[in-house]
Amino acid sequence: MRTCKSVFSGVEYAVKIIEKKPGSFLRSKLLKEIEIYHMCSGQKNIIQLVEFFEEVDKFYLVFEKLHGGPLLEHIQRRKFLTESEASNIVSNLAEALLFLHSRGIAHRDVKPDNVLCVSQTDTESVKLCDFDLCSDPAYSLTTPSLGTPVGSLEYMAPEVVTGRAHKGSASDVWSLGVCLFAMLHGYFPFDTSDPAEIGRASCRERV
């Protein structure tokens, strides 16, 4: 991620540069991501896409610039957060997910790496980012059933790990619960070196 500054206003923005490498760049996937960002315009707990530009060999996505860095860095530095901080963060992320799910979109990669803090001193004001693994917009009030196991293993719901069809909204909520556990304890609720353990897990066992 780079930083740019408007020559008119002097405001700084964050720029994500995507190279059009053969075999790894999918134009349709990027355009879907851009569409989702536009659908989320104005939602205070989702990073805002300001503009995008295309060149022969690159795409540039221009976002609002936040100064707090990823939530993961704060957890790693402090080991764990207070109950009040974690509660406010989860509340803000739940609002972002509710907004996505109401538009038929599952994020599918909810984790502290993809949560940005507004500032170094205000870690409770956060914004969800990184929509490249999102499901296609369904334009309905419920997210579709999904069967593709994508995301980060540590935060995956059991049905995602085992490849069973699942509701993307439910798997996002599971991931949010893992984030909450990690914020409060500084470690994961199960052994992430053994995918089978995650696959055997259930909400009933974790309560």
Side-chain angles (χ1 to χ4, degrees), residues 1-6 8-16 30-53 60-75 77-78 81-143 151-152 155 168-184:
M1 194 73 78
R2 303 289 184 86
T3 297
C4 70
K5 182 181 292 186
S6 169
F8 301 106
S9 65
V11 175
E12 287 190 338
Y13 298 95
V15 184
K16 181 179 180 181
L30 180 60
L31 292 178
K32 179 198 75 174
E33 184 178 353
I34 291 172
E35 178 188 7
I36 292 174
Y37 277 119
H38 279 302
M39 290 174 66
C40 296
S41 177
Q43 211 295 324
K44 64 184 179 67
N45 297 123
I46 292 177
I47 192 75
Q48 298 293 291
L49 178 68
V50 179
E51 188 58 270
F52 69 93
F53 303 93
Y60 301 87
L61 303 184
V62 182
F63 296 95
E64 61 176 324
K65 184 175 175 62
L66 305 182
H67 301 277
L71 176 62
L72 179 65
E73 293 182 359
H74 294 276
I75 297 174
R77 186 183 74 253
R78 296 175 50 189
L81 307 182
T82 67
E83 289 186 12
S84 176
E85 288 174 309
S87 173
N88 288 329
I89 290 169
V90 167
S91 177
N92 288 330
L93 292 178
E95 283 189 34
L97 290 176
L98 179 62
F99 187 90
L100 286 174
H101 296 164
S102 70
R103 283 149 181 79
I105 303 166
H107 187 278
R108 301 205 289 180
D109 199 20
V110 178
K111 58 183 180 180
D113 317 49
N114 292 335
V115 177
L116 298 176
C117 300
V118 172
S119 71
Q120 286 291 333
T121 56
D122 183 9
T123 56
E124 298 176 35
S125 296
V126 296
K127 300 201 177 192
L128 189 62
C129 66
D130 204 344
F131 287 3
D132 63 323
L133 293 181
C134 282
S135 63
D136 293 330
Y139 304 103
S140 64
L141 295 179
T142 57
T143 49
S152 301
Y155 302 92
S169 55
S171 61
D172 280 347
V173 173
W174 173 280
S175 300
L176 183 58
V178 177
C179 290
L180 175 59
F181 189 99
M183 282 188 279
L184 293 174

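Keep in mind the model is a prediction, meaning the values are calculated, not measured. Numbering starts at 1 and runs along the sequence shown.
Looking only at side-chain heavy atoms (C-beta outward), Pro137 and Met39 come within less than 4.5 Å of each other. Using a 4.5 Å cut-off on side-chain heavy atoms (C-beta onward), Asp113 and Pro70 make no contact. Side-chain contact between Lys16 and Phe63: present, with at least one pair of heavy atoms (C-beta onward) separated by less than 4.5 Å. The shortest distance between side-chain heavy atoms of Leu93 and Asn45 does not fall below 4.5 Å. Residues Cys179 and Val110 are in side-chain contact: their nearest non-hydrogen atoms beyond the backbone lie under 4.5 Å apart. Taking the side chain as every heavy atom from C-beta outward, Leu128 and Phe131 approach each other to under 4.5 Å. Put simply, the side chain of Lys127 does not reach to within 4.5 Å of the side chain of Val115, judged on heavy atoms. In this structure, Ile105 and Ile36 have side chains that are in contact, with non-hydrogen atoms separated by less than 4.5 Å.
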*Carefully, step by step, assess Leu81 and Ile89 under the rule side-chain contact (heavy atoms from CB on, under 4.5 Å).*
CA-CA 10 Å; Leu81 307 182; Ile89 290 169; 3.7 Å; yes
_Set out, in order, the CA-CA distance, both residues' side-chain angles and the distance that settles side-chain contact (heavy atoms from CB on, under 4.5 Å) for His107 and Leu133, then state yes or no._
CA-CA 7 Å; His107 187 278; Leu133 293 181; over 6 Å; no
*Check the pair Ser175 / Lys111 against side chain to side chain donor-acceptor pair (under 3.5 Å), numbers first and verdict last.*
CA-CA 7 Å; Ser175 300; Lys111 58 183 180 180; over 6 Å; no
*For Leu176 and Leu97, what are the C-alpha separation, side-chain angles and deciding distance, and is it a side-chain contact (heavy atoms from CB on, under 4.5 Å)?*
CA-CA 9 Å; Leu176 183 58; Leu97 290 176; 4.1 Å; yes
_Leu71/Leu116 under side-chain contact (heavy atoms from CB on, under 4.5 Å): CA gap, chis, key distance, verdict_ = CA-CA 6 Å; Leu71 176 62; Leu116 298 176; over 6 Å; no
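Not a single donor-acceptor pair under 3.5 Å links the side chain of Asn114 to the backbone N or O of Cys129. Side chain of Lys65 to backbone of Lys5: no donor-acceptor contact under 3.5 angstrom is found. For Glu85 (side chain) and Thr82 (main-chain N/O), a donor-acceptor pair under 3.5 Å exists by modelled atom type. In this structure, Asn88 contributes its side chain and Ser84 its backbone to a donor-acceptor pair below 3.5 Å. Although no hydrogens or angles enter the test, the distance criterion places no donor-acceptor pair under 3.5 Å between the side chain of Asp109 and the main chain of Asp130. Side chain of Gln48 to main chain of Gln43: a donor-acceptor pair is present (N/O by atom type, distance under 3.5 Å, no hydrogens or angles). Judged by distance alone, with hydrogens and angles left aside, the side-chain atoms of Asp122 form no donor-acceptor pair with the main-chain N or O of Val118 at under 3.5 Å.
The two residues Ala86 and Leu180 make their nearest non-hydrogen contact at CB-CD1, 3.8 Å. Here the shortest heavy-atom pairing between Ser169 and Ala106 reads N-CB, 4.4 Å. Among all heavy-atom pairs drawn from Leu49 and His38, the shortest one is CD2-NE2, 4.2 Å. The two residues Tyr155 and Trp174 come nearest to each other via the heavy atoms O-CD1, 3.6 Å. Closest approach of His74 and Gln120 over heavy atoms only: CE1-OE1, 3.4 Å. Shortest non-hydrogen contact noted between Glu64 and Ile46 is OE2-O, 4.0 Å.
Taking CG of Leu66 as the reference point, atom OG of Ser119 lies at 9.5 Å (rounded to 0.5 Å). We find the CZ-SG distance between Arg103 and Cys40 to be 7.0 Å, quoted to the nearest 0.5 Å. Taken from OG in Ser171 to CZ in Arg108, the straight-line distance is 8.0 Å, to the nearest 0.5 Å.
Around atom CZ of Arg2, no more than 12 heavy atoms belonging to other residues, nucleotides or ligands sit under 6.0 Å away.
Salt bridge annotation for Glu73-Arg78: absent, with no cationic side-chain nitrogen under 4.0 angstrom from a carboxylate oxygen.
Centroid-to-centroid, the aromatic rings of Tyr37 and Phe52 stay 6.0 Å apart or farther.
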